[in-house]
Amino acid sequence: MKLATDPLRITTAAVTVILGAIHLQLYMESYKDIPIDNIGRSFLLNAVASLAAAAVVMLWSHQLAPVAPLLLANSTLIAFGLSRTDRGIFGFTERGWSPTPQAAAAVAAEIAAAVFATLALATTRTTETDIESMRS
Amino acid sequence: MNNSTWRLVVVAALLTVGATGFALGAGLASEPVSVSRPATSVAATSTTDAGPSTSTAPPAVDADGQTSAPPSIAISTVAATPAGSALTGERIEITISNFAFVSADVSVPAGTTVVFVNEDEAVHNVLSDDGQLQSPDLERGGTYEVTLGQPGTIAYICNIHQFMQGTITVTP
């Protein structure tokens, strides 16, 4: 197992870590205190999942590895959108780009992660060596 | 790339575009909107306190169509008070922090000015059913002050995060 050198994978991993860091900061700052337990847990889970997805895309050379940050980024974007609806997510609602500036920064990181992950998917090929290493 | 990879990439791109559009659309559609305070229910308060002053409420229009100036908003120097305590000062501060009103339940004499200060990164507001408290959306550092003249109990919430609740008991 070796670190990826593909710039697309490295960029994908970097922005994925950033989006996780934003969620972790919000969790530590105040979201852990929200009495709707699932909200705080979701922010913490997002931070952990971001690290895991970044590790997958950096350490697993398989062509499908970028699917991990792609799914995470898109799930987080959808959760952001749901939280701005009347029903919210787990009953929790937010408004506009609050909290500032984290909401806008997180959405930017999520879009970047999804785009770079998609590009990585389109350009990465699993080599014969990779297949052999996976078999062994 | 073979056909199955192309299909995967197309699905990924569509998913990304869809999720991005949903997130951006929802974020823009729910931009904070300021709420006008009814001039008849809340006494607008002018203050001459030194320190930063920020106007957060738009002008209110009374029943005669007269536009009144928005209340002056100032950072209060009065410390937060313990929950449920009776207060004798003319001005108290209720801090909004960690998705809660600190000192949410207070008792104050009529004529006291209550100042809400949002210290959270999230936007909050302060609304009561009877309309006595009707703040605009408060960004971090935003304040809202109201002078309470009528004795009684006022239950208030943040209507963005409705688990945030408190009461102010106004005594004669």
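Letters A, B, ... are given to chains in the order of the sequence lines, protein chains preceding strands, and every chain is numbered from 1.
Contact count versus chain A (heavy atoms, under 4.5 Å) is highest, among B/Ala12, B/Ala29, B/Ala100, for B/Ala12. Interface check for chain B: of the options A/Val107, A/Thr76, A/Leu82, the most heavy-atom pairs under 4.5 Å are formed by A/Leu82. Options A/Ala117, A/Ala114, A/Gly88 differ in how many heavy-atom pairs under 4.5 Å they form with chain B, and the most are formed by A/Ala114.
Counting all heavy atoms, side chain and backbone alike, A/Asn74 lies closest to B/Thr16 at OD1-CA, 3.3 Å. Here the closest non-hydrogen pair linking B/Ala122 and A/Ser98 is CA-OG, 3.2 Å. What you find for B/Ala13 and A/Thr118 is that their closest heavy atoms are N-CG2, 4.0 Å. Heavy-atom minimum distance, B/Glu121 versus A/Leu26: OE1-CD2, 3.7 Å. Pairing each heavy atom of A/Gly81 with each of B/Ala26, the nearest pair is O-CB, 3.4 Å. Nearest approach of A/Ser30 to B/Asp120, heavy atoms of both residues: CB-OD1, 4.1 Å.
A/Leu77 is connected to B/Leu24 through a chain of hydrophobic side-chain contacts under 4.5 Å among Ile, Leu, Val, Met, Phe, Trp and Tyr, so both are in one cluster. A single hydrophobic cluster is not seen to contain both A/Leu72 and A/Ile111; linkage of ILVMFWY side chains at heavy-atom distances under 4.5 Å, directly or through other members, places them apart. Hydrophobic cluster membership is shared by A/Met28 and A/Ile36, with clusters built from Ile, Leu, Val, Met, Phe, Trp and Tyr side chains linked at under 4.5 angstrom. Residue A/Val67 is not grouped with residue A/Leu51 when hydrophobic side chains (ILVMFWY) are merged at heavy-atom distances under 4.5 angstrom, including chains of intermediate members. A/Phe43 and A/Leu19 are members of different hydrophobic clusters when ILVMFWY side chains are connected at heavy-atom separations under 4.5 Å.
By the 30° and 60° cut-offs, the orientation of the rings of B/Phe99 relative to A/Tyr31 is perpendicular.
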- [ ] Determine, stepwise, if the pair A/Ile78 / B/Phe22 fulfils side chain to side chain contact (heavy atoms under 4.5 Å, CB included).
- [x] CA-CA 7 Å; A/Ile78 290 169; B/Phe22 178 55; 4.2 Å; yes
Open item on the list: Between B/Asn125 and A/Arg95, is the side chain to side chain contact (heavy atoms under 4.5 Å, CB included) condition met? List the steps.
Closed with: CA-CA 11 Å; B/Asn125 59 27; A/Arg95 197 172 280 180; 4.0 Å; yes
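Residues B/Arg140 and A/Thr100 have side chains not in contact (no heavy-atom distance under 4.5 Å, counting atoms from C-beta outward). At least one side-chain heavy atom of A/Leu71 sits less than 4.5 Å from a side-chain heavy atom of B/Leu15.
For A/Gln102, the part sitting under 4.5 Å from any heavy atom of chain B is the side chain, from C-beta outward, and nothing else. Interface remark: A/Leu70 contributes side-chain atoms only to the contact with chain B (heavy atom separation under 4.5 Å). In this structure, chain B has no heavy atom under 4.5 Å from any part of A/Leu119.
Not counting sequence neighbours, A/Asn38 has no partner by the side-chain hydrogen bond (donor to acceptor under 3.5 Å, both in side chains) test.
How far CG of B/Leu28 is from CZ of A/Arg84: 11.0 Å, rounded to the nearest 0.5 Å.
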